[in-house]
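Pasting in a structure now, in structure tokens, and then I'll have a few things to ask.
Nothing here was measured: the structure is a model prediction, and the numbers come from that model. Just so it is clear: chains get the letters A, B, ... in the order the sequence lines come, proteins before strands, and each one is counted from 1.
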2 protein chains.
Amino acid sequence: MAEDVFKALADPTRRRILDELAERNGQTLFEICARLATKHGLGLSRQAISQHLAVLESAGLVRSRRQGRYKFHDLDTAPLEHIVTRWLSTDTPESTP
Amino acid sequence: MAEDVFKALADPTRRRILDELAERNGQTLFEICARLATKHGLGLSRQAISQHLAVLESAGLVRSRRQGRYKFHDLDTAPLEHIVTRWLSTDTPESTP
DNA sequence: ACCATAGGCAAGTGGAGACTTGCCTGACAA
DNA sequence: TTGTCAGGCAAGTCTCCACTTGCCTATGGT
């Protein structure tokens, strides 16, 4: 649902998570926590990231695969492609001089 | 700022307003109110729409031009184009087995 | 068996934002 | 000028959501 995608993208922390997954796919929750803390200085609790990942997953932007006691997260950019075209396909008829 | 664009797109009512402006550019506040009420059944106050338009305008998605006692609103899709490419251009380098 | 690790499940708190209500300003017509 | 119409400026209310805290489950190592 495109509805959830917009809501998922609304939060800056979630966009950062997408950035991280775009840079390195298949990270675990703890890896994402560590990289957000070190690279972006975000001192968030593990639960916060976990909840963000749940939102991203229910929006279809992140896929998760369980393997033993690890859970790897993969980015899925498919829902992003047909979101903005809703207004762009209405074209821009030479409105910028 | 891309930050504001995501926040602006987060609200369903604001996306509806963009839909309306995409369908017919240069509407006034009252026109948008009327069309949202009749076409989408949204019984929102005039102030609500006005505040939404302010958010959209500060995000650069809507331009407004004053003319007498009317204020016309025009859609600007420029900020939408370079938003999603942030993750799409990072591509997916055959990482899915 | 034990203990440490990776993650999940709540319930609770605080703040941002969507929406309203009321009053005020400016522009056009009679 | 007076009345009306389009819009703005505040307040104030209330709901949702991001984040925390605490405890619980399960997997793997030794």
Solution key, residues 44-52 of chain A side-chain donor-acceptor pairs under 3.5 Å, sequence neighbours excluded:
residue	atom	partner	partner atom	Å
A:Ser45	OG	A:Ala48	N	3.3
A:His52	ND1	A:Arg14	NH1	3.1

Specify the residues of residues 10-19 of chain A, ordered by number, for which at least one heavy atom lies under 4.0 angstrom from an atom of DNA chain C.
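DNA chain C contact set from residues 10-19 of chain A: none.
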Salt bridge (charged side-chain N to carboxylate O under 4.0 Å, His left out) partners of A:Glu57, counting only residues at least two apart:
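For A:Glu57 there are no salt bridge (charged side-chain N to carboxylate O under 4.0 Å, His left out) partners, ignoring immediate neighbours.
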When every nucleotide of nucleotides 1-14 of chain D is labelled 5' to 3' by its protein contacts under 4.0 Å (heavy atoms), B for base, S for sugar-phosphate only, - for none, what sequence of letters results?
----BSBBB-----
Partners meeting salt bridge (charged side-chain N to carboxylate O under 4.0 Å, His left out) with A:Arg69 (sequence neighbours left out):
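Testing A:Arg69 for salt bridge (charged side-chain N to carboxylate O under 4.0 Å, His left out), a comparison that skips the adjacent residues, returns none.
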Under the salt bridge (charged side-chain N to carboxylate O under 4.0 Å, His left out) test, which residues partner B:Asp19, sequence neighbours left out?
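With sequence neighbours excluded, B:Asp19 shows a salt bridge (charged side-chain N to carboxylate O under 4.0 Å, His left out) to A:Arg86, given in chain and number order.
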Taking for each residue the nucleotide of DNA chain D bearing the nearest heavy atom, is the 5' side occupied by A:Gly68 or by A:Leu44?
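Final value for this comparison: A:Leu44.
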Between OG1 on residue A:Thr13 and CG on residue A:Leu18, distance to nearest 0.5 Å
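Answer rounded to 0.5 Å: 11.0 Å.
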Going by side-chain contact (heavy atoms from CB on, under 4.5 Å), name the residues that satisfy it together with A:Leu80, two or more places apart in sequence or in a different chain.
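A:Leu80: side-chain contact (heavy atoms from CB on, under 4.5 Å) contacts with A:Val5, A:Leu9, A:Leu61, A:Thr77, B:Val84, B:Trp87, B:Leu88.
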Whole angstrom is fine here: how far is it from CG in A:Leu53 over to C1' in D:dC19?
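It works out to 15 Å between those atoms.
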Nearest 0.5 Å, what's the CG-NZ distance between A:Leu53 and A:Lys71?
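Rounded to the nearest 0.5 Å, the CG-NZ separation comes to 8.0 Å.
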A:Ser45, nearest nucleotide to its side chain (from C:dC19, D:dT20, D:dC19):
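The answer is D:dT20, which lies nearest to the side chain.
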Does a side-chain N or O from B:His52 land closer than 4.0 Å to OP1 or OP2 of C:dC19, or not?
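Answer is yes, contact under 4.0 Å.
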C:dG17, OP1 or OP2 - any side-chain N/O from B:Lys7 closer than 4.0 Å?
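Affirmative; the distance criterion is met.
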The criterion is salt bridge (charged side-chain N to carboxylate O under 4.0 Å, His left out); which residues satisfy it with B:Asp74, sequence neighbours excluded?
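Expected list: B:Arg65.
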Whole Å only: how far is the CD1 atom of A:Ile32 from the C1' atom of C:dA6?
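Taking atom C1' of C:dA6 as the reference, CD1 of A:Ile32 is at 13 Å.
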How many Å lie between CD on B:Gln67 and C1' on C:dA27, as a whole number?
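These atoms are roughly 13 Å apart.
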Would you kindly give the CG-to-P distance between A:Asp4 and D:dC17, to the nearest whole Å?
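To the nearest whole Å, that distance equals 11 Å.
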Donor-acceptor pairs under 3.5 Å, side chain of residues 24-35 of chain B to any protein atom, not counting sequence neighbours: which ones?
residue	atom	partner	partner atom	Å
B:Asn25	OD1	B:Leu75	N	2.8
B:Gln27	NE2	B:Glu20	O	3.3
B:Gln27	NE2	B:Arg24	O	3.1
B:Thr28	OG1	B:Glu31	N	3.3
B:Thr28	OG1	B:Glu31	OE1	3.3
B:Glu31	OE1	B:Thr28	N	2.8
B:Arg35	NE	B:Glu20	OE1	2.6
B:Arg35	NH2	B:Glu20	OE1	3.3
B:Arg35	NH2	B:Glu23	OE2	3.0

